[in-house]
Structure formats: structure tokens, C-alpha cells
Amino acid sequence: MAKALLGYVGGPDPRVLSEMRRLQQRVLDLESELTRMQAENDALSSVADHEQLLRSIDVPQPVPAYS
């Protein structure tokens, strides 16, 4: 009686197991994408920091050598 009330007879539903596997794979894919994007962001941030450093250096403009 308890099994009938819970809605299963004979073990887990294959559709539920399939969906669970699909979702687990999706989580792994998203974690991989997150790692890739974080690495890309770190690289872009490093380039931006380098560009900012170059802009912050106060270099006087060259004066043309007209005589």
C-alpha cells in the first residue's frame, strides 16, 4: 500500500534517472564553461591593467627638432 501511495513499483523510474544524468552532465558543462570564462576574464583583465599602466606613465610629448 505504501508503495502505491508513493507512486512507484519496482524501483526508480528510468525517465527520472535519465533526466538526472542529463542534468549532471549539464552542471559539468556549465562548470567547465565557467572555468574557461574566468581564465579569459583574467587574461583580459591583465591586458587592461597593462594598458592602464602604460597610460598612467607621464611621458612628455616629443618636440619636433626644427631649427
Side-chain angles (χ1 to χ4, degrees):
M1 179 74 172
K3 287 183 181 180
L5 290 174
L6 292 175
Y8 61 86
V9 179
D13 186 352
R15 293 172 293 182
V16 172
L17 292 176
S18 174
E19 180 69 5
M20 186 175 67
R21 278 189 227 104
R22 187 187 71 79
L23 291 172
Q24 286 172 336
Q25 184 60 48
R26 180 70 175 140
V27 167
L28 291 174
D29 293 344
L30 290 171
E31 287 173 341
S32 174
E33 180 72 7
L34 177 62
T35 301
R36 185 190 66 76
M37 291 179 79
Q38 285 173 332
E40 185 177 338
N41 187 48
D42 291 345
L44 290 171
S45 181
S46 175
V47 169
D49 289 344
H50 181 71
E51 292 290 327
Q52 181 69 23
L53 177 64
L54 290 177
R55 277 190 238 115
S56 70
I57 298 173
D58 187 24
V59 177
Q61 294 294 326
V63 178
Y66 297 115
S67 339

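All residue numbers in this chain count up from 1 along the given sequence.
- Looking at Glu33 and Asp29, their side chains never come closer than 4.5 Å, going by heavy atoms from C-beta outward.
- Side-chain contact between Leu17 and Met20: present, with at least one pair of heavy atoms (C-beta onward) separated by less than 4.5 Å.
- To the nearest 0.5 Å, atoms CZ (Arg36) and CG (Asn41) are separated by 11.0 Å.
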